[in-house]
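Every chain is numbered from 1 and lettered A, B, ... according to where its sequence line falls, protein lines coming before strand lines. Every heavy atom of this structure was used, including side-chain atoms; hydrogens, water molecules and symmetry mates were not.
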2 protein chains.
Amino acid sequence: MRPTVHDIAAAAGVSLATVDRVLNQRPGVRHVTREKVETAIRELGYVRDVAAANLAKGRTYPLVFILPASDNSFMHGLNAEIRQAILRSPAERTDIRTIEVPAFDSAALVAVLEGLSREKPCGIAMVATDAPDVRAVVDRLVHAGFPIVTLVSDLTGSLRHHYAGVDNIAAGRTAARLLGRFLGPRKGKIAVLAGSMLVRDHRERLEGFTSVMTEEFPDLAILPVLEGRDDPELAHMLVAEALGNADIIGIYSLGAGNRGLIRALKEKAVDRTLTVIAHELTAHTRAALIDNTIDAILNQNAGHEVRSAIRVLKAKADGLAVIEAQERIRLDIFLKDNLP
Amino acid sequence: MRPTVHDIAAAAGVSLATVDRVLNQRPGVRHVTREKVETAIRELGYVRDVAAANLAKGRTYPLVFILPASDNSFMHGLNAEIRQAILRSPAERTDIRTIEVPAFDSAALVAVLEGLSREKPCGIAMVATDAPDVRAVVDRLVHAGFPIVTLVSDLTGSLRHHYAGVDNIAAGRTAARLLGRFLGPRKGKIAVLAGSMLVRDHRERLEGFTSVMTEEFPDLAILPVLEGRDDPELAHMLVAEALGNADIIGIYSLGAGNRGLIRALKEKAVDRTLTVIAHELTAHTRAALIDNTIDAILNQNAGHEVRSAIRVLKAKADGLAVIEAQERIRLDIFLKDNLP
DNA sequence: GTTTTTTTGATTTACGTACATCAGATTTGG
DNA sequence: CCAAATCTGATGTACGTAAATCAAAAAAAC
């Protein structure tokens, strides 16, 4: 049987009230007494029963998710997963609220974050916009004791406690190697379709992609990036136009807006053997993978990201350890054979 | 605030004791009264506070893991993950015990399972040996009310509640497509190294591999399977011998014992451009992936499998729902760029 | 040495549920 | 209609912790 507060009290030769004062860092305990209790805690290997404590406290975990107001399927999926988490709230004692901020608008994000410091949530998950002012508020909030995790897009160099998202440089490198290996000895040009080079994750994917391509597949030349702004229409136009170049033998789509890409491919490239790698598994990319329009899909599992963010925030709020291996968000690689 | 038993009692116009009798299916409640209470439960949307209930019951979850006594790195890894889980036991209220049975010995497995029905664990996780007698005991135990999940290797056609492992047919198909695409237009022969065709997961991987190969990559011919019994020495011998065949341009290693494979490759194939796909990420395969001896690794995350099995067993024991998407064990595909 | 302050102990209530006991009410059987 | 059987209510204790109160003891200040 694991030791309880009573056992600690007995072992330390103090009363229950004193143990409670020490455990919950309440004032009114002499230094020596505090030490006695802490020794007993260590020696008996006491760990507070979080379930019982939460019951007694009537604790809930008010969490805030800050998301960009982007209208693409990935963000819709992320929202859906958060709604699922909200449905589980009663069982998980969470109280989740989402706030939408204009995408790529660091000032707006900063304003929201500063507003939050007043309402005292016990944890914040945010899709970070990578800017110095954001980094500054995040660091301030972390110092003030708020658990903060970044979601999907990280804020490197900040003090955020955790990042619930994939390694985008690795994703880009993986895409490059897959494309390079799939194309084998062929020589030709590679088109890259991105959302916007202002977004950190897209920049990182491109960075990883480019470095492996230039180092290891010198026969493949990367064309200037097409910025589709995650907009299907624009993506369609850009890709359709690019396909006029007969040297293109591969495409890497590292952002959203794949609907336009797929349409362009089906219209313009029926007779060509293009190798295409895209990001994010959606109904559209899934169908395209099955009918061979796309050759591989790299994906991050939004559900895992949301659940991981919640687990980490709760653990941080309770001062508990997280299982690192469990919280690592993996890059999924889907071929048509291992679709879920 | 979520409703409590008191609210139900008030709403149904009965006493707390009666609500308790209904909730815990104790006798001594008239049919009409029971219905009143059940209606109130439904209407208020009452869900039992599992944490409080567990506290009151002093509940722990005695779980049993039944593993084959196989001496390969995957099983060692699995064991290590179970030990990690045991370390978390106090916090998770679990009480985990492992039992080793001789590998591929269905009679021994049956004997162990029958022994278990007497000691009443609240859940059983087992690496299944695929045999009719095993299926029969499992079905009996499920009928008797034991939550059972299969781990790593499934028992299809049985009544087990859940399978915590990867889809091995999909894994084989994925390996085939990766190998086929990596080899591109080349023609040649493919060697397959397996552990034993007596193991279901190996059979399934081969099945998936073969079907995609024959359907979609007719220029690649699969040689008769080399059965390495997951033994590095034997694998080394078999592969070294096979590499005498200069037509071999690809290898699929679908079992354990990759140490021998890697050694053989480094000795015999330095001057050849072989494409190699192997299963299970270990220190050895990892190093081989980095130095280009292996081109891709398919992996199942033993930690996730163990944690998933535990979550599912606990949920079943409490009669709760599981988050299906969370419990799906994904097939990891590692290139040298996305190693964890 | 007394007063004031600080520290500690003892005790109680609460959280939401489980479980046991016993008395009282209601239904059923004869 | 009464006895027996069945059902229901009232009540209390427990689980491990939090949090509060008030009294008592110890230490510090005067």
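- Atom CG in A:Asp49 sits about 8 Å away from atom P in D:dG16, given to the nearest Å.
- Pairs of residues two or more places apart, or lying in two chains, that qualify as side-chain hydrogen bond (donor to acceptor under 3.5 Å, both in side chains) and include a residue from residues 136-154 of chain A are A:Glu114-A:Arg140, A:Thr150-A:Asp154, A:Asp154-A:Arg160.
- Atom-to-atom, CZ of A:Arg59 to P of D:dA19 comes out at 10 Å; the value is rounded to the nearest Å.
- If you take NZ of B:Lys57 and P of C:dA20, they are 12 Å apart, rounded to a whole angstrom.
- Ion pairing between A:Asp318 and A:Arg59 holds under the 4.0 Å rule for side-chain N and carboxylate O.
- Rounded to a whole Å, the CG atom of B:Leu55 is 9 Å from the P atom of D:dT17.
- Residue A:Ala17 is in base contact, counting any heavy-atom pair closer than 4.0 Å across all strands shown.
- Against DNA chain D, the stretch residues 5-13 of chain B makes heavy-atom approaches under 4.0 Å through B:Gly13.
- Within the structure, side-chain hydrogen bond (donor to acceptor under 3.5 Å, both in side chains) contacts touching residues 75-84 of chain A (residues at least two apart or in different chains) are A:Asp71-A:His76.
- The pair A:Asp167-A:Arg328 fails the salt-bridge criterion, with no side-chain N (NZ, NE, NH1 or NH2) lying under 4.0 Å from an Asp/Glu carboxylate O.
- Considering all non-hydrogen atoms of both residues, A:Thr156 and A:Arg135 come closest at O-NE, 3.0 Å.
- With sequence neighbours excluded, the residues that form a side-chain contact (heavy atoms from CB on, under 4.5 Å) with B:Ser308 are B:His162, B:Ala164, B:Arg311, B:Val312, B:Glu327, B:Ile329.
- Using a 4.0 Å cut-off between a side-chain N of Lys or Arg and a carboxylate O of Asp or Glu, A:Arg307 and A:Glu92 do not qualify as a salt bridge.
- When each of B:Ser15 and A:Asn54 is assigned the nucleotide of DNA chain D with its nearest heavy atom, B:Ser15 is the one assigned upstream, toward the 5' end.
- A close approach under 4.0 Å does not occur between any side-chain nitrogen or oxygen of A:Arg2 and OP1 or OP2 of D:dG16.
- Taking CG of B:Leu141 as the reference point, atom OG of B:Ser117 lies at 6.0 Å (rounded to 0.5 Å).
- Listed by residue number, B:Thr18, B:Arg21, B:Gly28, B:Val29, B:Arg30 are the residues of residues 18-30 of chain B with a heavy-atom contact under 4.0 Å to DNA chain D.
- Between A:Val166 and A:Glu305, the shortest heavy-atom distance links the atoms N-OE2, 4.0 Å.
- Scanning residues 32-47 of chain B for heavy-atom distances under 4.0 Å to DNA chain D yields B:Thr33.
- A:Val14 comes within 4.0 angstrom of the backbone, heavy atoms only, and of no base.
- A:Val152 and A:Tyr163 make their closest contact through O-OH, 2.9 Å (heavy atoms, listed as atom of the first residue, atom of the second, distance).
- Within 6.0 Å of CD on B:Gln25 lie no more than 12 heavy atoms contributed by other residues, nucleotides or ligands.
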